[in-house]
Every structure is written in C-alpha cells, then in structure tokens.
There are 2 protein chains.
Amino acid sequence: MQQSVSSFRRKAVCSNCRLRELCLPVGLSAGEMQRVDDISHLKRGYARGDYLYRSNDKFQSLYAIRKGSFKTQVLHEDGREQVTGFQMTGEIIGLDAICTDHHTCDAVAMESSEVCELPFNKLEALSRELPSLQRHLHKIMSREIVRDQGIMLLLGSMRAEERLAAFLLNLSQRLAARGLSPTQFQLRMSRQEIGSYLGLKLETVSRAFSNFQDNGLINVRARAVELLDLPALHALVGKQQ
Amino acid sequence: MQQSVSSFRRKAVCSNCRLRELCLPVGLSAGEMQRVDDISHLKRGYARGDYLYRSNDKFQSLYAIRKGSFKTQVLHEDGREQVTGFQMTGEIIGLDAICTDHHTCDAVAMESSEVCELPFNKLEALSRELPSLQRHLHKIMSREIVRDQGIMLLLGSMRAEERLAAFLLNLSQRLAARGLSPTQFQLRMSRQEIGSYLGLKLETVSRAFSNFQDNGLINVRARAVELLDLPALHALVGKQQ
DNA sequence: TGACCGGTTTGATATATGTCAAAATTCATG
DNA sequence: CATGAATTTTGACATATATCAAACCGGTCA
C-alpha cells in the first residue's frame, strides 16, 4: 500500500476537468460551467494503491474522478479493513467529510487515476450565486444517502448470491451511464475487496461467482465478467435497485 | 397501520418550532434564526402508525422532529418491510428524497409525534443568503451519509450481539444529546423492528438481549432497558462509532 | 378478576456462511 | 517461455443465524 501523492497541476482555467460531461451535467450555462472549472484543479498520476485522502485528514475538497477508480475503506482497530464503496470514473468522492471537517475513511486508487479537485469552500460560495449548482450539489449528496441506504437494504436482507447479483447489476448500470458495455467488463477489485464491501468472505464470493457460472447467469474468468442472463440476475435481486 | 394524516397548523411566525434548540443549533444569529422560523410550519397530532410521508410521494420538505419519533422503512415487492432508520426528537427526516424529487421510503410515527416542516425550496433560497445556514444544511446531509456508512460497517462486519450493542449505544448517545438518561430508557420499537433494522430475525434479537442480561451487561424487561456495563458494550462494538 | 391478544422468550433443528486447508489458475517478472 | 507470487477455486468441516414451534409474559378490555 503505497503513500506517494502523485503529481499535481493547477490551472486558472481548467477546461481539462470536463466537469460538464462528468459529474455536473445539469442546468448550467456555458458561462456558469466556466466558473466551476475556474475553481477546480486537475490532479493526475495516482497509481494503484495511492491514497487520495486518508481517514482523519482535514476536509478541504470534493473530487470528481476524471479517469480510473477508487475504493473507500475504513481500518478497524484490530487491523481489518472494510471497503465502504467503489467510486468510478465520472463520480464524486469525499462527501463523507463535510459534517466533521475530517475524512472518515481512506480513499485508495484501484488503478491509474486522475481527479478534479473541487475546493468545498469555493464550491459553497459559488453555489450561493448559482441556484442550479446549489440544487445539483444537494442532489449529489442526497444520491449518496440513497446509495448508502440501498447498500443497507442489501446487507440487511439479502443472501450471498443476491448481494453479488445486486453488485454486478449496479456495476453494469454505472458502466452503462458512462457509455461502456454494461454486460462485459473487467472487475477492478479482488474477490476479497468485493467480499469486504458485500459483508462476505472471499470464498463465499468466489462460490457465488461459480454458481452463477454453472447456472449460465454469467461468464467469469478471474476478473473478466460477462453478464449473460440479466433477467435472472434481476429476479435474484427482486425489483429494488 | 393507519393512514390518517393528522391535524395541520401553519403560522407565519412559528416560534414554537424551536429550531434553535432542536436541529439547527449552530452559528445563526437571532435574526437569522427568525428567518428560518418564518419559512417553517408546525404539524402536530401524528399518532403511532400515521405516515409522515410515503414512498414515491413528491418531495417537498424536510421535517425537524419536535416531539416523538419515527421510523423509515421500505416495502419489498414481496411484502416484507425493512426498517432503514429510527429518527428521534430533535433529528431531521426526509433527506432521502432530494436527488429524485420523490421519497424512497415510508416515514411512520412510532408514538405521538409533532414535526416542523421545512419547505426545501425555501430552505435552499434562504441558505443562499445565509452562509452559516448553508453550511449547516450541508453538515446535516453529510452526517446522514456518515451515519448510513456506519450502519453499513455494522451490517457488513458485525455479528448479532455486536450489532445489538452498537444499536443500544447509539440510542444511548442520541438520548444523551437530548439531555435524557443515556442508561435507562424505554424502547419505542419492537424486537421485530430492531431486527429488521439490524438485519436479524426477531428471535435472534431476543436471544441477544437475554445473553446481555445473563452476563450483566444490561437489564431488560420487555421494552424497558437499563445499560449496566457500558465498557463491556463498547468493547463488543470495537472502537468505531 | 379473568380471558384474551400481541409481543417476547426459549427450545430443537435446518441452513447459509465462515473457517481452515489445499489445489488450481492467473499474473508479473526475468 | 519459465518461475514464483498472488489470487482464485474447491473441499471438508465448524458455527452463527434462521426457521419452526411452543410456552410465557404483560398489557387491555369485558
């Protein structure tokens, strides 16, 4: 688990951040979007295992993931680490920290990644001037709440295979949102990380994958996954999500 | 499960809402607080089983719970209902709905209750003028995210007794925040509801209560609970939370 | 007071998942 | 292409929780 912080670049006008397409795709005029770009910085060069931030770091910014993906995790006092989320290209990370001014989890790159840093003070100030930005910020935060509550439902009421089906469909949907193939993709995380996220042991995850394979629901070889029978997967999950 | 909607009262100046003490205790001057009171309505007369809102209702407002307590729950397609949270006096409810404009769960009174309605559009508009209100709103939303992630950790990595210990300590802490006895209280919810929330069956919850009793960690008779050995309870949970 | 009725506790057993261990596969590296 | 490390799969067994069933409260209402 490396700790290097990667290269850092700042531009007064950071059109590279492409926030428009990525994370804030609503209701802003070109001029307004320009003002969001103006307060953001591009940060690149995160390699697998690099930290974007750590638990207890002072909260400064939200980050829009421009390339790559991250996981968030907490370290329990006994050394175990538990994954609390996977964040992919185009999503926002860092929302955990606003209420305490300090981060409550670690954010670790799962592959070569780039982010767009959004200093929260400036974002708040700007959102006082731009109601549609304000509303969008609220939606992003609320979406995170809904997402977390969805996982609570998953953990609270579903068995191993149902959890894995929900996980795969969720990934699929997020890939589709980025215009990528929703039925054929490479997992960026290990069985162990999936298990940690789903509240299962890695062996249980592996067995569930094998069962799906045996029943023709998916094709899986190591981290390459192909979803074959979406209706069956949805049926496992029930209708929620 | 009743459906009556209860009485409703509106006041141009709703000083009864006492938002200052309840849910927004930070950084606002008396004049600023008055402006928050001005946009809020008192709604009273919710009886046990009454709905504050229902899943798919259009999102209009957040609610500060002035008296009593509510649970939030989702109905699965097969009829099972799962509790997603318990909200007590002084807390805010309704945050789930901002991102979709529609509520994602039911909110049901667990006892005789009153709320203060905060129309979200007006709250947003006011928070554009009052930075400290804006910041506080963000903190409330972020706190909900952190709270939900705490439950994810709980559901993902803890066994039945650890979950129950975490639940009891969480209740205790929230009671303390309201100046009530943190070691002796009446549960407002059934074993079934606790189990639904913690991802356990009611029998498992009951057995865990009995074990705690047998080991001198708590006294429990039906819904009356007394926490006897806080250190032992904390030890069960680990240090998180 | 007595008889209910929902909620709770307790018991016996089934089942899903965890645990431990080994084999098989994939991946990185020279 | 060969080697070894890491990850994944599979197997046998242990254990926590679910399930089903019955008994036991603790209130409410005649």
Side-chain angles (χ1 to χ4, degrees), chain A residues 1-2 47-49 71 76 78 80-83 110-112 154-168 186-215 217-226 236, chain B residues 1-2 47-49 71 76 78 80-83 110-111 154-168 186-215 217-225 236:
Chain A
M1 209 63 70
Q2 299 181 49
R48 176 168 180 86
K71 65 175 175 180
H76 293 235
D78 57 17
R80 287 173 307 131
E81 56 189 35
Q82 185 175 351
V83 173
M110 296 201 297
E111 59 189 313
S112 176
L154 197 148
L155 295 177
S157 71
M158 293 172 121
R159 291 174 308 100
E161 297 194 353
E162 298 167 336
R163 292 186 200 185
L164 185 62
F167 174 70
L168 291 173
Q186 281 287 125
L187 297 172
R188 292 274 126 78
M189 61 292 281
S190 67
R191 300 289 185 265
Q192 145 82 326
E193 287 170 323
I194 295 171
S196 174
Y197 180 58
L198 296 178
L200 301 169
K201 294 296 162 182
L202 69 96
E203 296 94 330
T204 305
V205 174
S206 177
R207 281 184 236 273
F209 269 118
S210 298
N211 281 356
F212 285 174
Q213 168 108 282
D214 294 348
N215 293 103
L217 302 199
I218 67 172
N219 254 328
V220 56
R221 228 191 59 205
R223 302 204 179 175
V225 175
E226 182 181 8
L236 266 176
Chain B
M1 209 63 72
Q2 297 181 51
R48 176 170 179 85
K71 65 175 177 180
H76 295 236
D78 56 17
R80 288 173 306 131
E81 55 190 37
Q82 185 175 352
V83 174
M110 296 201 297
E111 59 189 312
L154 198 148
L155 295 177
S157 71
M158 293 171 122
R159 290 174 309 102
E161 297 194 354
E162 299 167 336
R163 292 186 201 185
L164 185 62
F167 174 70
L168 291 172
Q186 282 285 126
L187 296 173
R188 292 273 126 78
M189 60 293 279
S190 67
R191 302 290 186 265
Q192 146 83 315
E193 287 170 323
I194 296 171
S196 174
Y197 180 57
L198 296 178
L200 301 169
K201 293 296 160 181
L202 69 98
E203 296 95 329
T204 306
V205 174
S206 177
R207 281 183 236 273
F209 268 118
S210 298
N211 281 355
F212 285 174
Q213 169 108 280
D214 294 347
N215 292 103
L217 302 199
I218 68 173
N219 254 327
V220 56
R221 228 192 59 208
R223 302 207 178 172
V225 175
L236 265 176

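Keep in mind that the numbers below use all heavy atoms, side chains included, and drop hydrogens, waters and symmetry copies. Every chain is numbered from 1 and lettered A, B, ... according to where its sequence line falls, protein lines coming before strand lines.
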**Asked** Rounded to the nearest Å, what distance is computed from the CG atom of residue B:Asn211 to the C1' atom of nucleotide D:dA16?
**Response** 12 Å

**Request:** Whole angstrom is fine here: how far is it from CE in A:Met158 over to C1' in C:dA16?
**Result:** 16 Å

**Asked** Can a side chain N or O of B:Ser206 be found less than 4.0 Å away from OP1 or OP2 on C:dT8?
**Response** no

**Message:** If I compare all heavy atoms of B:Gly195 with all of B:Val205, which pair ends up nearest, and what's the gap?
**Reply:** CA-CG2, 3.5 Å

**Message:** How many whole angstroms separate atom CZ of A:Arg163 from atom C1' of C:dG18?
**Reply:** 13 Å

**Message:** Taking 4.0 Å as the cut-off, does a side-chain nitrogen or oxygen of B:Ser210 come that near to OP1 or OP2 on C:dT10?
**Reply:** yes

**Request:** Look at the side chain of B:Lys201 and decide which nucleotide, out of C:dC20, C:dT17, D:dA18, has an atom nearest to it.
**Result:** D:dA18

**Message:** It should be established whether B:Arg221 places a side-chain nitrogen or oxygen under 4.0 Å from OP1 or OP2 of nucleotide D:dG26.
**Reply:** yes

**Prompt:** Starting at CG of B:Leu164 and ending at C1' of C:dT9, how long is that distance when rounded to a whole Å?
**Reply:** 15 Å

**Message:** Between B:Leu155 and B:Arg163, is there a side-chain heavy-atom distance shorter than 4.5 Å?
**Reply:** yes

**Request:** Take A:Arg188 and A:Glu111, measure what salt bridge (Lys or Arg N to Asp or Glu O under 4.0 Å) needs, and give me the verdict at the end.
**Result:** CA-CA 8 Å; A:Arg188 292 274 126 78; A:Glu111 59 189 313; 3.2 Å; yes

**Request:** Would you please say whether a donor-acceptor pair under 3.5 Å links the side chains of B:Glu81 and B:His76?
**Result:** no

**Asked** So, does the side chain of A:Arg223 form a donor-acceptor pair with the base of C:dT25 at under 3.5 Å?
**Response** no

**Request:** For residues B:Glu161 and B:Ala208, report the shortest heavy-atom separation together with the two atoms involved.
**Result:** CG-CB, 4.2 Å

**Prompt:** What's the CG-P distance between B:Leu187 and C:dG7, to the nearest Å?
**Reply:** 14 Å

**Fill in**
Here the distance between atom P of D:dC13 and atom CZ of A:Arg207, to the nearest Å, is 13 Å

**Message:** Is it the case that the side chain of A:Arg191 and the backbone of A:Leu202 share a donor-acceptor pair, with hydrogens and angles ignored and the cut-off at 3.5 Å?
**Reply:** no

**Prompt:** Which part of the nucleic acid, if any, lies within reach of B:Gly199 when heavy atoms closer than 4.0 Å are counted: base, sugar-phosphate only, or nothing?
**Reply:** sugar-phosphate

**Complete:** Sorted by chain and number, sequence neighbours left out, salt bridge (charged side-chain N to carboxylate O under 4.0 Å, His left out) with A:Arg207 holds for none

**Request:** Measure the angle between the two terminal helix axes of the helix from C:dT1-D:dA30 to C:dG30-D:dC1, five base pairs each, and quote it to 10°.
**Result:** 40°

**Message:** Looking at the base of C:dG18, is there any donor atom on it, or on the side chain of B:Arg159, that sits under 3.5 Å from an acceptor on the other one?
**Reply:** no

**Asked** What is the distance, rounded to the nearest whole Å, between atom CD of A:Gln213 and atom C1' of C:dA24?
**Response** 15 Å

**Request:** Please tell me which of A:Leu200 and A:Gln186 maps to the more 5' nucleotide of DNA chain C, matching each residue to the nucleotide holding its nearest heavy atom.
**Result:** A:Leu200

**Request:** Looking only at side-chain atoms of B:Thr204, point me to the closest of D:dT9, D:dA18, C:dG18.
**Result:** D:dA18

**Asked** Is the phosphate of D:dT9, meaning OP1 or OP2, less than 4.0 Å from a side-chain N or O of A:Arg191?
**Response** yes

**Asked** Whole-Å distance between C:dC27 P and A:Glu111 CD?
**Response** 15 Å

**Request:** Answer yes or no: is there a donor N or O on one side and an acceptor on the other, between the side chain of B:Ser196 and the main chain of B:Val83, under 3.5 Å?
**Result:** yes

